[in-house]
Novice: 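If you scroll down you'll find the structure; I have some questions about it.
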Amino acid sequence: MANNEKPKLAMYWSSSCGGCEISVLNIHEHILTVDEVFDVAFFPCIADFKTKDVEAYPDDYITVCLWNGAIRNAENEEMAHLLRKKSMFMVAYGSCAYEGCIPALSNLTSKEATYNTVYKDNPSLDNPDGIIPKTSVKVAEGELTIPEFYHTVKSLDQVVDVDYYLPGCPPEPPQIWAVLQVIVGALLEGTPLPPKGSIVGVTNVAVCEECDLEKNEKVISRFYRPYEIVPEPGICLLDQGIMCMGPATRGGCEALCPSVGMGCRGCYGPMPGVEDQGAKMLSAVASVIGAGNENMEEAEIEAEIQAVVDTIADPAGTFYRFSMAHSLLQRAKVNGSNGKGEA
Amino acid sequence: MSEKKHPDNKERVGVYVCHCGTNISKVVDVEEVARWAGEQPNVEVSRDYKFMCSSLGQELIEQDIKEKGLTRVVCASCSPHMHEKTFRTACERGGLNPFLFEMTNIREHDSWITDDKEAATIKAKSLVRGSIDRVVHHEPLDQIPVEINPNTLVVGGGIAGITSALELADAGYHVYLVEREPSIGGHMAQLDKTFPTLDCSACILTPKMVDVGQHDNITLLTWSEVEQVDGFLGNFTITVRKKARYVNEEHCTGCGICIEKCPFNVVDDIFEAGMGTRKVIYRPFPQAVPKYPVIDKENCVYFQKGKCKACEIFCPTEPNSIDFEQEDEILQIEVGNIILATGYDLFDVKRIPQYGYGKLENVFTSLEFERMVNAAGPTDGKIVLRDQETKPKSVAIVHCVGSRDENYHKYCSKVCCMYSLKFAHLVHERIPDAEIYDCYIDMRTPGKGYEEFYNRLLEEGTHFIRGKVAEITDAARIPEEEGKLIVQVEDTLIGRQRRVPVDMVILSPAMEAREGSKEVSQLFKMGCDFDGFFIERHPKLDPVATMTDGILIAGACQGPKDVPESVSQGAAAAARVAGLISRGTVMMEPVRASIDQDACSGCRICNNMCPYNAIIFHEEENVSEVITALCQGCGTCVAACPSSVITGAHFTNDQLLSQIEGILWDMRPEKVTA
Amino acid sequence: MSEKYEPVIVGFLCNWCSYRAADLAGTARIQYAPNLRAIRVMCSGRVDPQFVLKALRDGADGVMIAGCHPGECHYVNGNIKTMRRFMLLQKMLTQLGIEEERVQLVWASASEGIVLAEKIDQMTEALRTLGPLNWKKRVLNSGNGYQAAEAIPVLEEA
Amino acid sequence: MKKYAYFPGCSLEKMAISYHDSALETTRALGVELEELEDWNCCGATTYFHLDEILANTLVARNLAMAEKQGLDLVAPCSACYKNAYFTNAYIQEDEDLAEHINYALEADDLQLSGDLSVHHLIEIFVNDVGVEEVKNKVTRPLEGIKIVPYYGCQIVRPRKDGENIEDPQFFEELLTAMGAEAVDFANKTRCCGGSLLISNRRAALDMIRILLQNAENSGADVIATACPLCQVNLECYQAQVNDEFGTNYAMPVMYFTQILGLALGIPRKKLRIGSELVSAIPVLSKYLKKEVS
């Protein structure tokens, strides 16, 4: 890199809500420093770039690429490969890129069912001919193509090599600034970089540590959905039967959600050493179900436990809200045509 | 044998595949498994051998550790319950930490369950690969030393508990013997004669009871119950409630004048099995140990109505031994080991209405009959009907009342055949012209001198009817049956229904677990089976130990047992404890959980996971901690921890996840032909 | 492998009851399907749901968790916690399209070698009927997922 | 008012008409409506089940299906009818194959049986539905001083129900006690009355009857109460033959429990057909009937 040239910054948006792009602004006046330090090389959200511009860059031209979004279709994957090739550092920015996030919840169903919902079976639709996307259509003028819509949503690192991860939905401002600082520091002052594959801007302790609510020994005899209960202030939400992923979720967010009475949803991903965040949370939650004991008949125990289990409406959606693509099973086995993972 | 060096090996694993003579090799292709194992990652050497557990087999392992610098060892042979210890010791001799060893069970779980050689060999490979992948993640561990408090708690003062207490006390160790009744002695004290020798039960038991009462090394706590058990092997703290006797044990001489003068009699449901009465201030029986009486508060006129005090008035001691103000005492005892000898209950025969007990007055239970034939019992040993005078001319004895019965207890109560025979003998002896009908399903007399006793009864003229009694009724069908109890039974030897009219019926009820044994097992944090009997560590090889270290069981609390067996178990449990005490410290398996304090978020999910209360929460630091000494290593908290910051030593996530991967080595997509 | 489809079951057997039951089945030479590959854990309560998912992902057709009967757990109530986890896990596995026969919780005391052998036979047969799971190949790497290629004929090909 | 489909069976309207009339009278008095099943058919008795189980079950199922169609639970006063109906109803819930067979056959009659209804013996209506307490409250003529044998017969307790002691049931006693009568302790209360053995082995059957009568006499009872037409016939009609055969002289009235209940409820004896017995019950009941007679 020539001394007079500023490092190049890219940010790309694949399958995600776009909140991550906006979150960059959350670093407030630091954005000016970013502007000072970096040249923007590719940032479709804020400036007009074309893919061909990127293709024209030499390899590793971009210093750091903040990639947000999951890999939903062939275009996402193609862009991931392209930007990987052109970037020195590929950062999985936000939960979608890191572990699939909300888009990956569609892994619980089939492509067909997703299409049905989006293009056919939806009250706000007007699609009398039942037209659904096809990768290639011949029209009078010739052939039209669109990217292939994948069956399974993947995280960024399931298609390209990723240098750093920034979890969060979206990542918290100090975290964003931290990762940029690290790279800038390395580039400008030669400070050592964290090892490749590091998850940046998180702690190594679960959210509960940062949460001020009072926690007690847990015995939960029913679970509540958020609308079913007004939480008692000051008391651990999980203790009150409100699903809170805090115990199974990596800290660093300062327990934002629990502190305003909403259970942690798990966006910072699993703790180090955990292979599957959802399974671990499921295990923890089931362990403290206050039903059944060793003096009861088996059928009675089962009935009691079942009653509590019945109050957890959607375990897969709850425990894998952010980590479906990174989970052990990654998706549902879909039988039949309704697209539900029905055994 | 095959040897191969992998340059990128992290560890140097030795794999040993045992033929077990032909036990394994006749189904599993052990040579192939060994050859194949040599090709697996991290494997330095792999061999097959005729008998790995032989000293030569063990030497192979030792040698390879020394010469080839093995860092891990896998042995594919029998169940770890059989030889894990053997091979761990071999590793240790070779200079390898014993926990860097893993055993693969290709005998009980493989070669013995199928004759499909191909499938068995594939399975053996999978299991071996699982072990290889697991053992790489093993960590050296040290056994945990625990100091043993030389005092012992014995719960239950029946013959098993008495034996345990005396054995230990005679060996010079202090024993606390806790009994909930006012006297020790248990069921044996109620019996008249013991089979098959017909020794007088009291004559052989009483001296032992006296020994217990007088022994310097025994603190006898009767009329007392254990309320709480804290701690673990070597260091238990026991809370005992010593119920108020209302008699001061320091002043009382046991003269018995108070009992004599007490004006009120009540039915004695416990010792006399309802056959006799006792005073309200009482000793269960004359030879009771200790000799001090107890006031039965519920029936005492002074306690209920505020008047009487006859006992106090007549008590000759100075100061007076009667103390109406006495209160329950709570004692704390420190012990290193616990022996449970809590005995059994008799099956409630009223649960079988067709046997008529309670409705037909001359139907008796075995215990009632024991009291009746006992010379010191309510009828002075005379065999009479409920009217206390008529001698029965015919007696039926019914076996298996509640035992070997789908509706009640499926198990055999083991002692009933023998004591039923004893009853038959006693009736013959005391009423020589009486006809005795003994209705049994199968006659079970396995024991020294037992079958001979049965033969003796055959000689004595007992009528044996092989068949389960259907009912006992007073509904006569023919004039000869009028006024009799009719025993309806299918005599399976002659293939006919019989109706046997008799004057008296004795039911031999099942021995069942003590009421509340489940609660007791929880109190002591040990296992208890469906029937309520305590579970031994191993049904054959470790019958007096339990899964909880430091807690032993003896006698009928573990399952139906006769006197000699209870005595053997009592002594065996004592010997086990004495061995531990003399060692001073014991080494415990290091399979224990621990929490990474730096990574614990204090979520408190694990806090009520532990049945041993080994997990404590530090409010200040906001972290939980496992007390290693209390932890039994089940791993339930490890599975529960949502942060995976609890590690279960020797069963870590890494080890188990790698084993899963290894065990499925042939299921990877590239290998599967779907 | 042979012509007949042989399901593979990963078994998590507790040290005190079900592992011993399996030992006893062997000692008694009870012949049963050699399709279960056992992993010994101290208590069924040690079985982390991650293990079940890991086994399914890595190629198992089914997972059996075996423990002591309720009330007979050697760690007092570890198996009750297993039941709680298992029941919630089953609910989630249903959402993930995994048939309930594929993950089973069974009880076998140390003396119930025959019971365990029967359960293994039954499970093997049930899995044989269901067919292979083969998660990585048939669900993850099939492009369109399990059976969906047949179910969705016209979505992407022109 | 709770309503049931009433299945009288083949004996109630002729031989056991006193049972029929008293059943209708007593249920009405206690606020229970029995609506006779229209076009009912034979319950299969005991014999048909030994010849062809599927057809026998189908026969029973037709009655059940008609009750189900009306949305009513079925009540049978005869113990054999009750037992057959109860078991078929239970089998159809447990055995899918059988259910399919039966429903295939029922289609011909435009019927279908799911087994959702429940089947009761008439005595259960008084014990469980009305309740012993309520019966006690409605008694206007307490039968003090009369000793009655609660003779269950063998079939009532055959469908073993939760919490019921089949060896020594107590509900009949409780019902009799509620009427103010004394229920004697009757060891043979669930013993067979001989059933249809009279056809094939007369002497053995008569001996079985004799044992019951002897047992009743020994217990000091004034009257035997039954809940089954066949029990009633065997115990009453064959008393004379028993006496002939064994040289005994039993004269024990055998009544349906509903007749006795009706009496306690103050229903006129004619309506209950008391007095039409072969061994008249009038002498032992006279003191309660005085008012009526005068």
Side-chain angles (χ1 to χ4, degrees), chain B residues 79-82 105 107-116 118-120 122-123 126-127 130 134 518 521-522 525-530 535 538-539 546-548 591 609 611-612 632-640 644 648 651 653 656-657 659-661 663-664 666-669 672-674, chain C residues 1-2 5-6 8 10 12 15-16 19-20 22-43 45-51 54-55 58-61 68-69 71-78 81-82 85 109-111 117 132 134 136-138 140-141:
Chain B
S79 168
H81 292 294
M82 190 67 75
N105 185 343
R107 191 179 73 173
E108 283 87 343
H109 290 194
D110 193 6
S111 72
W112 278 352
I113 59 118
T114 183
D115 47 19
D116 181 338
E118 193 192 339
I122 292 174
K123 182 170 175 177
S126 303
L127 296 174
R134 183 192 211 272
K518 286 238 148 117
S521 75
Q522 277 158 35
K525 302 177 184 74
M526 33 114 41
C528 167
D529 66 19
F530 271 140
I535 304 176
H538 191 282
T546 66
M547 296 300 169
T548 308
V591 177
M609 282 299 100
Y612 308 97
Q632 299 291 313
C634 66
T636 306
C637 61
V638 184
S644 275
F651 287 88
N653 280 353
L656 290 166
L657 289 167
Q659 189 175 6
I660 296 169
E661 237 175 79
I663 224 169
L664 294 166
D666 57 338
M667 300 305 288
R668 297 187 183 139
V672 173
T673 50
Chain C
M1 252 186 243
S2 55
Y5 156 61
E6 289 298 338
V8 169
V10 171
F12 295 99
N15 184 54
W16 305 106
Y19 194 91
R20 281 165 204 257
D23 279 0
L24 178 64
T27 311
R29 308 296 200 280
I30 296 164
Q31 301 289 293
Y32 63 89
N35 302 48
L36 180 122
R37 300 174 181 181
I39 292 176
R40 183 166 63 116
V41 286
M42 293 309 279
C43 174
R46 174 64 185 93
V47 180
D48 188 322
Q50 288 188 107
F51 299 169
K54 170 82 174 167
D58 281 5
D61 297 300
C68 314
H69 288 274
E72 291 190 355
C73 177
H74 293 292
Y75 300 103
V76 186
N77 52 21
K81 286 148 196 160
T82 312
R85 293 178 191 140
S109 73
S111 60
N134 203 349
K136 279 187 186 158
K137 190 168 178 189
R138 301 186 62 163
L140 295 185
N141 296 339

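Numbers restart at 1 for each chain; the letters A, B, ... are given by sequence-line order, proteins then strands.
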Novice: Is it the case that the side chain of C:Gln31 and the backbone of B:Trp112 share a donor-acceptor pair, with hydrogens and angles ignored and the cut-off at 3.5 Å?
Specialist: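 Present.
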Novice: Side chain, backbone, both or neither: which part of B:Met82 has a non-hydrogen atom closer than 4.5 Å to chain C?
Specialist: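 Contact with chain C involves no heavy atom of B:Met82 at all.
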Novice: Under a 4.5 Å heavy-atom cut-off, does chain B meet the side chain of C:Lys81, its backbone, both or neither?
Specialist: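 The side chain, not the backbone.
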Novice: Less than 4.5 Å apart, any side-chain heavy atom of B:Thr114 and any of C:Tyr32?
Specialist: no
Novice: If I measure from the heavy atoms of chain B, does C:Asp61 come under 4.5 Å with its side chain, its backbone, both, or neither?
Specialist: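 Just its side chain gets close to chain B.
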Novice: Using side-chain heavy atoms (C-beta onward) and a distance below 4.5 Å, is B:Ile122 in contact with C:Arg37?
Specialist: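 Heavy-atom side-chain distance check passes, below 4.5 Å.
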Novice: Can you check whether C:Asn15 reaches C:Cys43 side chain to side chain, under 4.5 Å on heavy atoms?
Specialist: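 When only atoms from C-beta onward are counted, C:Cys43 and C:Asn15 do not touch, as no gap falls below 4.5 Å.
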Novice: Find out whether C:Tyr19 and B:Asn105 are in side-chain contact, i.e. whether some heavy atom of one side chain is under 4.5 Å from a heavy atom of the other.
Specialist: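 Yes, at least one pair of side-chain atoms sits under 4.5 Å.
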Novice: Pick one of side chain, backbone, both or neither for C:Ala33, based on which atoms fall under 4.5 Å of a heavy atom in chain B.
Specialist: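 The answer is the backbone of C:Ala33.
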Novice: If you count heavy-atom pairs under 4.5 Å with chain B, which of C:Val76, C:Asp58, C:Val10 comes out on top?
Specialist: C:Asp58
Novice: Which region of B:Ser111, side chain (C-beta onward) or backbone (N, CA, C, O), has a non-hydrogen atom less than 4.5 Å from a non-hydrogen atom of chain C, or is it both or neither?
Specialist: neither
Novice: Under 4.5 Å heavy-atom distance to chain C, tell me which part of B:Leu657 shows up: side chain, backbone, both or neither.
Specialist: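 Both parts, heavy atoms under 4.5 Å.
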Novice: Rounded to the nearest 0.5 Å, how far does CG of B:Asp666 lie from NZ of B:Lys123?
Specialist: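 Answer rounded to 0.5 Å: 12.5 Å.
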Novice: Which one wins on heavy-atom pair count under 4.5 Å against chain B: C:Gly59, C:Pro34, C:Ala28?
Specialist: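 Most heavy-atom pairs within the cutoff with chain B belong to C:Pro34.
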Novice: So what's closer than 4.5 Å to chain B heavy atoms on C:Arg85: side chain, backbone, both or neither?
Specialist: side chain
Novice: Which atoms of B:Leu127 come close to chain C, meaning under 4.5 Å heavy atom to heavy atom: side chain ones, backbone ones, both, or neither?
Specialist: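 Side chain of B:Leu127 only, per the 4.5 Å heavy-atom cut-off to chain C.
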Novice: Only pairs of heavy atoms separated by less than 4.5 Å count here; which of C:Ala110, C:Cys73, C:Ala55, C:Ala117 has the most with chain B?
Specialist: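 Sorted descending by pairs with chain B, the first entry is C:Ala55.
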Novice: Sort out for me which of B:Thr546, B:Val638, B:Thr636, B:Leu656 touches chain C most, counting heavy-atom pairs under 4.5 Å.
Specialist: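 Result: the option with the highest number of such pairs is B:Thr636.
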Novice: Please identify, among C:Arg46, C:Gln50, C:His69, the residue contributing the most non-hydrogen atom pairs under 4.5 Å to chain B.
Specialist: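 Max contact count across the listed options: C:Arg46.
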Novice: Can you tell which of B:Gln632, B:His538, B:Glu661 has the highest number of heavy-atom pairs within less than 4.5 Å of chain C?
Specialist: B:Glu661
Novice: Within this structure, what is the NZ-CE distance for the pair C:Lys137 and B:Met667, rounded to the nearest 0.5 Å?
Specialist: 11.0 Å
Novice: Test C:Asp23 against every option in B:His109, B:His81, B:Arg107 by the side chain to side chain donor-acceptor pair (under 3.5 Å) rule and name the one that passes.
Specialist: B:His109
Novice: Does some side-chain heavy atom of C:Val8 sit less than 4.5 Å from a side-chain heavy atom of B:Leu664?
Specialist: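 Answer yes - side chains close enough.
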Novice: Return the option, out of B:Ser521, B:Gly635, B:Ser126, B:Cys634, with the maximum number of heavy-atom pairs under 4.5 Å with chain C.
Specialist: B:Cys634
Novice: Relative to chain B, which segment of C:Phe12 carries a heavy atom at a distance below 4.5 Å: side chain, backbone, both, or neither?
Specialist: side chain
Novice: In terms of heavy-atom pairs under 4.5 Å with chain B, which of C:Leu36, C:Asp48, C:Ile39 leads?
Specialist: C:Ile39
Novice: Hey, is the main chain of B:Arg134 close enough, under 3.5 Å, to the side chain of B:Gln659 for a donor-acceptor pair?
Specialist: no
Novice: In sequence, state the C-alpha distance, the side-chain angles, and the governing distance for C:Cys68 and C:His74, and then conclude on side chain to side chain contact (heavy atoms under 4.5 Å, CB included).
Specialist: CA-CA 8 Å; C:Cys68 314; C:His74 293 292; 3.6 Å; yes
